[in-house]
Structures are given as C-alpha cells and as structure tokens.
Amino acid sequence: MKPNKQSLPDKNGFFGDYGGKFVPETLMYALEQLEETYLNLKDDDDFKKQFYKDLSEFVGRPSPLYFAERLTDYYGTGSIWLKREDLNHTGAHKINNTIGQILLAKHMGKKRIIAETGAGQHGVATATVAARLGLECHIYMGAEDVERQSLNVYRIKLLGAQVHKVDSGSATLKDALNEALRDWVTNVDDTYYIIGSVTGPHPYPMIVRDFNSVVGEELISQSKELFNKMPDAIVACVGGGSNAMGAFYPFINIAGTRLIGVEAGGEGVETGEHAAPLNDGSPGVLHGALSYLMQDDSGQVKSTKSVSAGLDYPGVGPEHSWLKDSGRAEYVAVSDDAALKAFHQVSEFEGIIPALETAHAFAYLDTLMKGFDSNSNIVVNVSGRGDKDINTVAEIDGIKF
Amino acid sequence: MNRLTKKLTDLKDKNKKALVAYLVAGDPDIETTLHLMKLFVEAGVDVLEIGVPFTDPIAEGPIIQKAHDRALKQDVSLSSIFKMIKKFRVDDKQTPLVLMGYLNTFLSHKNLIEDNEDSAIDSILVVDIPGELNLADYGIENKNVNTISLISPTTNKDRIKSIAKNSSGFVYYVTLRGVTGASNLNINEVSKNIEEIKKYAFVPTLAGFGIKSPEDAKLLSECSDGVIIGSSLVKMIEENSQSKEFDRISKYITEIKQAIS
Ligand SMILES: Cc1ncc(COP(=O)(O)O)c(C=O)c1O
C-alpha cells in the first residue's frame, strides 16, 4: 500500500483499519455538525486568513528551525536541527490546534468550551484562546497530573478557566478525557469540546492534524532555505501524537524523509510499566477510535507509567497506527531515565530546557545518530518548553525549594 | 423464538409495559450478582440487563462508574460473566438476558458471543457503536443474539429511521442529554421523539437513563413500551452490599412494577 496523504481519513473517519466514531449516540449529531462545519470552512479564504493571522500575531509563528551546534558536535555526525515549537506563545505546539478549533467554536456559536489536559499545556492553550473570546472554559485534569503539573494548573486559573480535578480510574490523562466526554454528552447543545491531540472520534484526528500541520509545512520551506534539501529524518515524541502528526503529515509523500515517533518507555517497555501502545499494544477501541491500545486479555485498558504527564496515555491517534502498519513511520520508545538524561543534556548543551515529553525525542538521538553520515540533516520537533517540569525534575534530583 | 423477542411480544399482546433492570456483573461480587438477578426476577423484572464492567465507561455517571470499578477489582470479565449466567440458567430458563457494555470488551471475547453456549444470552447492547451499524460489522456475530440500539434526544430524523429499522431486540430511547443517573428529564420531548421512532421501528421502544422513582417510571411508561431502571438500583446495591440485605430493592422494584401496570 502506498500511503497517499490526500486521501485519508475516508468518509467514515478511517485511516486504513483505524479511527472511526465509537461514541454514545448522543454525541453522533455533534460530531456530524462539527465535521460539516470544518469541511465547509477549511478551504474558505477568510477562515484561513484569520487562522494564519492569529498564528502569526498571537502565537508568533513561524517558529524557527534552529541549528543545534553543540548537540551536533557531541554526536559527531550529521546536522541536528530543532523545530522550535517551545517558542510559541504558551510554550508548546498545543496552541496551533486551539487557535484553529476556537475559530470553529465561534463559527458554530458555542458559548462554553471544555478540554482535557495531561501536562497542562493543552489546558493552558485552551484557556488562553477562550479568554481571548471571553468564553466560559472548563478544563478536566487527572488528580495525579494536577499534582505534578501544578504550575500549569495555576496558569489555567489565571486565565479565567475552571480546573476540574478527576479522581476516577488512574487519575491521569485518560480519565480526564473520560470526564470531558461525559461533560460533552451532558451539555452537547451549547458546548464545544476542544480535544487536545489527534485522538478521539472522527473528525477530531483529522482536524487536530490539519491545524498542527503548519509545523510540517514550515519545515519544508525552512529545510530548503537552510540546507537546501529535505531532512533525512524527523523525530518527535508521541503521546496522543499531535506534535508528531503535525510535523509528519506534510512529509508523508516525501519518501526520503524518515518519520520517527518516540513513545514513553517508562520503566522500560519490557517491564510492561510504560505508555507505549505502538510498541507494546494491540488494536482496540478507546475514546471513540480504534487504534493501538494498551489492554489486557479481557479488553480492559491498562494503566500507564511515564515521568511525563503529556505522554502518560494508553492509546494513540489512529493515523499513527496506520502509519505504523503501512511502514511509512517508525515508532520506538525510550525510558524515563533516558528522557531525564536528555532533559539535562539539552539544557546544558543548547540553553534550551525542553519539556519532559520533548526530552523523549531528544533521548532517541543516542541510537539514531549512529546510523547517519555527516551530510545528513536530522530534525527534532521541540514540542514544548520545560518550565512546567522544573518541580518534577527537581524532586527526582532530590532538590527542595 | 429469541426469549427477549418473545417476552416483549407477550407483554404487548397483554397490553403491558416491560420492566428492564440493570446491574453490574460482579458488583460487589459475582455470587451477590447471581443472587440479585434472581431477586430482581422474583420482584417482577421482565428483562435483566447485565452491565459488563469496563475501565473507561464514558456513558456512565458516577454511581455506575463506581460499580464498574468495584467489579473490576474482582477481576470480572466477559468469561466469568458467562460462567455466572450458566449458573443462573440452571433455575431460570425464561428470563431474557441482555449484556450491556463497551465495544472493546466484546471485541476481546468474540468467541463467547459466537458460541453463546446453551443460548445463555439473548441480546447485546454496545454503548459506543453507531446505531446504524451492526455488531457483525465488527466480527461479532450470532444470529440468535439480537442487538439493541440507542437513540437519543439529539439523534436526527434520518438517523432515527436507519437506527430504528436496524434494531432487532428493542430500541433503547435515551431520555436525556447526559450520562446514566442524570436528572434532567423532559417528558414532552421524550414522548414526541418516541412517537417518531415508532413510525419506523419493527420492535418495541423502551425508555431509560433518568428514571429515579416510581413516578418517573409511570410517566415514561405512558409514552413507551417499557422502562429501564439502572442507577437507582445500582445505588441501592452499593448501600446494601455490606449487609447483603436487599429487601429494600425488592420493594422498590415492586413499586415500579405497580406504577407502570
Ligand atoms: C510539550 C508537549 N509535547 C508533547 C505532548 C504530547 O502530546 P502529543 O503527542 O499530542 O503531541 C504534550 C502533551 O501534553 C506536551 O505538552
């Protein structure tokens, strides 16, 4: 099968075998409405103009493609380039999606915005765009994540949104998503749900991918400009998979560029204590989509483990499952320890403190760079900055403030 | 004939309304569930709806979510549920049984549904598949097990048509926008929508989700072919699971049965 980037998802929301709309009946109508709105607007000139204007003036796009000189020297081969999504307003790629979705919400006349968040970056990005339009905003967040991402919890509150702590299940991102879906089922008439990754029922995986694709589009022109060819590889961390999908999508038909997604290996994939469904999962249905999933023999969803709240999720966006099966993208995992080591290394070598999520992508360079010669260009998608993770890392390093 | 189809036809012939009662298998443990199933039937329940516990039950409110969690602590799965039903069927070969749950648990146990040894169950209700599709589309197939589809207040006319035609057990009308156990019933909207469904459905239409009292049950039974009681029973099971004294539940069921007669 030769993947054609224009053709997917199909009209039922499937990427090959994956995706779909597996939701309670009450939401079917809302999803149809959303799909119709999006398909009508996405090629509309005024809509596109507004989207790119906001990205430029409010977010600060385009984000630079930056040559990482000392990291490159350290590995002694190839050139390492950093796509600086960490420099976006609010500090991560998540804002690209919320800027787009809030325009859809506005167009649909919705008065109330809800979202789930893991690391808090999507919560902050959602609260930010809701504040700009003066819309009521509710953010669902697992109790464990409220604890480890307390800085972002306060940022969300400063932005005028309400944070709802979720205690059910494993009290992390998956449970926040459950709770957001329950809110949506209840308040479907006046509420817009801004989902935070390329997950969930159709049309969300498509919408979130498209809004994040600005990253890959910029990367194509920046690569031409800076090294006069396409990158040999793009490396991105994968939680739900939105930063990776945004970087990968415009490259799907550019065969010379390897696309590499890095999942959270937690204590190590072989221990079972991780959050790496593409490496150690099987197809199943969670949160409205069929995709790779961490599950037991009875179809129960397993709890996950990762030092990074934004990757601590047992599922993954359906398009990644398809890219994996079709062989177009590769998916690997790195452990908590490797990610923490990379977190320190990148901070010290480049003067950039990456998010713990992003640190997973950096950690894979140890393995990846061995396979490249000195003419090659490797891009790391720096999905976010690490300010939010300072407390977590300090605690691991035994430091009290 | 399928026990559920037969039961609903018999009730309709006698101009009676169906009473369907829900409980979660394994809440608080499998033995108690087995006991409660018998008690429900003795108290007047026509059809038993057995909740299959799932880690991420997105359509459930807090009461039923907690029941799922309690059952999962007992390691209840579809295979232990089939074992429980086998025991139930030793004494009760009449009562129709419906399994209600989430797609992922059924996908993991396709063979159990395909076999349905000794016709243990009669119907399946999967909360998270679009109603115009069939379980067979997902490789879950058994001609003797029918399917129940949900229609909600937000389902548009075109979908009502295709879902209603496609349901083989009964049509489950979700009476409100919300999760199980919510309380924002709008009887006018309910009766208007059920009228619409009845134009297309080959099978009876039952109403469920927001019923908390015999009064609610009475109101809804007047515009439907029967009612489904869930959260209010699960709450009583939770409150009485220490003592295992369930007289209160029998009494409640009897009251509902009278209210809809
Ligand atoms: C900085 C950062 N990177 C990555 C992720 C993971 O999400 P995704 O896989 O959708 O990019 C998050 C999620 O919170 C994040 O905050």
Side-chain angles (χ1 to χ4, degrees), chain A residues 12-13 17 20-33 116 166-170 173-191 200-202 282-291 293-304 313-315, chain B residues 52-62 65-66 68-69 71-72 75-81 101-110 112 126-133 137-138 149-156 158-160 163 171-174 176-182 184 209:
Chain A
N12 296 316
D17 291 337
K21 273 185 208 171
F22 298 96
V23 292
E25 176 57 29
T26 308
L27 294 180
M28 288 301 286
Y29 150 88
L31 293 172
E32 278 173 8
Q33 236 190 357
E116 86 294 340
V166 178
D167 288 305
S168 58
S170 56
L173 180 54
K174 128 182 132 65
D175 310 281
L177 241 145
N178 289 340
E179 231 23 66
L181 283 167
R182 290 178 186 124
D183 179 315
W184 201 28
V185 170
T186 307
N187 302 297
V188 60
D189 290 336
D190 70 342
T191 296
H202 179 65
S282 56
V285 174
L286 178 70
H287 297 146
L290 176 62
S291 195
L293 178 65
M294 289 172 55
Q295 57 182 327
D296 68 15
D297 294 341
S298 302
Q300 304 297 349
V301 178
K302 283 192 195 165
S303 349
T304 50
Y313 182 65
Chain B
V52 180
F54 183 49
T55 39
D56 297 85
I58 52 176
E60 316 298 345
Q65 276 174 52
K66 279 191 258 157
H68 280 239
D69 285 346
L72 288 173
D75 275 329
V76 171
S77 67
L78 213 45
S79 47
S80 52
I81 292 174
Y102 291 80
L103 184 55
N104 206 50
T105 44
F106 292 109
L107 287 177
S108 305
H109 291 281
K110 287 179 189 169
L112 287 175
V126 179
V127 184
D128 54 351
I129 60 169
E132 65 273 52
L133 296 177
D137 299 328
Y138 306 98
S149 305
L150 300 166
I151 290 180
S152 92
T154 60
T155 309
N156 66 30
D158 287 343
R159 288 178 56 77
I160 288 186
I163 298 173
V171 174
Y172 188 137
Y173 182 71
V174 176
L176 45 80
R177 292 161 179 75
V179 290
T180 47
N184 38 339
F209 259 50

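Within every chain, numbering begins at 1; the chains are lettered A, B, ... in the order of the sequence lines, protein sequences first and strands thereafter.
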- Message: Can you tell me which portion of A:N187 sits under 4.5 Å from chain B's heavy atoms? Options are side chain, backbone, both or neither.
- Response: neither
- Proximity breakdown for A:V188 and chain B, heavy-atom pairs closer than 4.5 Å: side chain
- Item | Parallel, tilted or perpendicular, as decided by the 30° and 60° cut-offs, for the rings of A:H287 and A:Y313 | parallel
- Item | Partner residues of B:D128 under the salt bridge (Lys or Arg N to Asp or Glu O under 4.0 Å) criterion, sequence neighbours left out | none
- Task: Measure distances from B:P57 to the heavy atoms of chain A and classify the residue's part below 4.5 Å as side chain, backbone, both or neither.
- Result: both
- Query: Just checking, is any N or O donor in the side chain of B:T155 or A:E25 under 3.5 Å from an acceptor N or O on the other one?
  - Reply: yes
- Under 4.5 Å to a heavy atom of chain A? For B:L103 that would be side chain
- Using 30° and 60° as the class limits, which term best fits the ring planes of B:F54 and B:Y102: parallel, tilted or perpendicular? parallel
- Sort A:L177 into side chain, backbone, both or neither according to what part of it lies under 4.5 angstrom from a heavy atom of chain B. neither
- chain A contact via B:L150 - which portion, at a heavy-atom distance below 4.5 Å: both
- With a 4.5 angstrom heavy-atom cut-off, could you sort out which part of B:N156 is near chain A: side chain, backbone, both or neither? side chain
- Do A:D175 and A:N178 have side chains that get closer than 4.5 Å, going by heavy atoms? yes
- Note on the structure: Bottom line for B:Y172: the part with an atom under 4.5 Å from chain A's heavy atoms is neither
- Query: With a 4.5 angstrom heavy-atom cut-off, which part of B:I151 approaches chain A: side chain, backbone, both or neither?
  - Reply: backbone
- Message: The criterion is side-chain hydrogen bond (donor to acceptor under 3.5 Å, both in side chains); which residues satisfy it with A:Q33, sequence neighbours excluded?
- Response: A:Y29
